[in-house]
Amino acid sequence: MNIAAKNISVAAEAAAILEKLGVDKALYTQGDMPSYSPVTGEKIGNLKTVSAAEAAERIEKADAAYRAWRLVPAPKRGELVRLLGEELRAAKDDLGRLVSIEAGKIRSEGLGEVQEMIDICDFAVGLSRQLYGLTIATERPGHRMMETWHPLGVVGIISAFNFPVAVWSWNAALALICGDSIVWKPSEKTPLTALASQAILDRALARFGDAPEGLSQLLIGDRAIGEVLVDHPKVPLVSATGSTRMGRDVGPRLAKRFARAILELGGNNAGIVCPSADLDMALRAIAFGAMGTAGQRCTTLRRLFVHKSVYDQLVPRLKKAYQSVSVGDPLQSSALVGPLIDKAAFDGMQKAIAEAKSHGGSVTGGERVDVGHADGFYVKPALVEMSKQAGPVFEETFAPILYVMPYDDFDAVLEDHNAVAAGLSSSIFTRDMQESERFLAADGSDCGIANVNIGTSGAEIGGAFGGEKETGGGRESGSDAWRAYMRRATNTVNYSKALPLAQGVSFDIE
Ligand code: UN1
């Protein structure tokens, strides 16, 4: 069946995909939480939500599942994630299309998001045989000291609309191999892709056979449901992706009950183009970083500092790219820029542009584009030339606005680069090794991601993902991010016949 046929409505196409992926129709047709596609503005679901009491029940179920799952050997837990990767490969086309329908991503980015899920599954399968602890030299004879990593418990996952499924998978794949159970509260703007992902995991669970029931729970609902998850005493870790405002609420609530937090919040990512930069390369990287995903990645390039000596070579070309970039329906065209998520995003963008103008900004683009869907919010990405950082440049507006500023002095531009509240991603374009190394040094970029000659967005899953300052400090995905999902025990074993005390202390009772 070609469910991508052009003449069926977006809602019908979403329903066909959900049916194909095995999602119970009642879950998205018989509820009272509406869901819309940003592509057309059309309603695509009426979601059944959970009550606070049901949410608490599901968390209890997940806790019971964790108690059994933690006893399953880690490589066997990896087998479940291997099956999830297989199921995702089989569903890639459909789930990628559903991401496009629900989040408005262009086709290749919808597919790329599912690829990111597959990649983290592969990573986690390998990791399931590598949950290594250290053996540590002890100061006492006949003793051995080591670290053991144990499963932690229920992992709460709160995800945002812009990566509706990949961010869940970063957490889910790691948590599952680490011996944890998972409870997911997806964005209210993207519940259908969450239902689909849960159905895909359910298929992997069925093939796996004897996983404890309730290992993965989904909480469709509003903010109050998220709060149940954040406040529940049986959830020792919450990994939350979203705005800094959300993090300011979630962080202290978790701290209050000494639960762990992995926070991945706002970004205000910058790039620096130096005199020696390969300008063709920089142009392409900037275009993808700033206009890709309609400026709705947390890694989106939002500030660009261009050295005065190359400003007049690069910026006119960049403006041309902004004027000619194709904006359109991501389901029916090969446009590079799809819609904003909703009207609020559009209004926020217009407000920031107006403020930038009042600070002397000169704007290319930014206007609404008619693609034939009156209720879809399509815009030309905006490039705003500013003489220096001011007003809205210091804030993250979740829309395609790139502030471009000239610079003269390398030390000063490093300072300007770091002079914002967020610290997620950053990049420098240079062929001068001293500049690139300075950018990566202790007094260089203060972000969790610092790149040379590639853009700020589109990180691979193999590295730890996250940022500093108001980005929240959490790390997800690759490298050793798995450690946050486990409990570390330091074990000292005495195999001697004596009881020497550390630090030379004597305590002889006879
Ligand atoms: C996000 O926007 O929340 O680095 C995640 C990137 C993607 C992930 C973005 N791999 O742009």
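For reference, positions follow the sequence shown, starting with 1. For ligands, and for the atoms within them, numbers begin at 1 and follow the listed sequence. Note: hydrogens, waters and symmetry copies are ignored here, and every other heavy atom, side chains too, is used.
Residue R302 holds its CZ atom at 9.0 Å from OH of Y403, rounded to the nearest 0.5 Å.
E102 and T193 share a side-chain donor-acceptor pair at under 3.5 Å. Under the 3.5 Å distance criterion, with hydrogens and angles disregarded, a donor-acceptor pair is assigned to the side chains of S276 and T430. Y378 and D329 form no side-chain donor-acceptor contact under 3.5 Å, judged by distance and modelled atom types alone.
The aromatic rings of F305 and H417 are tilted relative to each other, their planes meeting at an angle between 30° and 60°. The aromatic rings of F377 and F346 lie tilted to each other, with the angle between the two planes from 30° to 60°.
Contact check on D231 versus R253 returns a salt bridge, with a Lys/Arg side-chain nitrogen under 4.0 Å from an Asp/Glu carboxylate oxygen. A salt bridge links R89 and D122; the closest N-O separation between the charged side-chain nitrogens and carboxylate oxygens is under 4.0 Å. Between R317 and D280, at least one side-chain N (NZ, or NE/NH1/NH2) sits under 4.0 Å from a carboxylate O, which counts as a salt bridge.
Residue-to-ligand polar distances keep V167 apart from ligand 1: every N/O pair is separated by 3.5 Å or more. Between G458 and ligand 1, an N or O atom pair is found at a separation short of 3.5 Å. Some N or O of R297 is nearer than 3.5 Å to an N or O of ligand 1, by distance alone. Looking at N162 next to ligand 1, an N or O pair under 3.5 Å apart turns up. Here's the thing with T299: one of its N/O atoms is less than 3.5 angstrom from an N/O atom of ligand 1.
Among S477, G292, C298, the residue whose heavy atom lies nearest to atom 5 (C) of ligand 1 is C298.
Of the protein's heavy atoms, A459 N, 2.7 Å lies nearest to atom 4 (O) of ligand 1. In terms of protein heavy-atom proximity, atom 10 (N) of ligand 1 is nearest to E116 OE2, 2.8 Å. Nearest non-hydrogen protein atom to atom 9 (C) of ligand 1 is F163 CE1, 3.5 Å.
In summary, the atoms of ligand 1 found under 4.0 Å from a heavy atom of F465, numbered by their order in the structure, are 4 (O), 5 (C), 9 (C). For ligand 1, the atoms lying closer than 4.0 Å to a non-hydrogen atom of S457 are 11 (O).
Under 4.0 Å from ligand 1, the heavy atoms of E264 that appear belong solely to its side chain. The residue I461 has no part lying near ligand 1, judged by heavy-atom distances below 4.0 Å.
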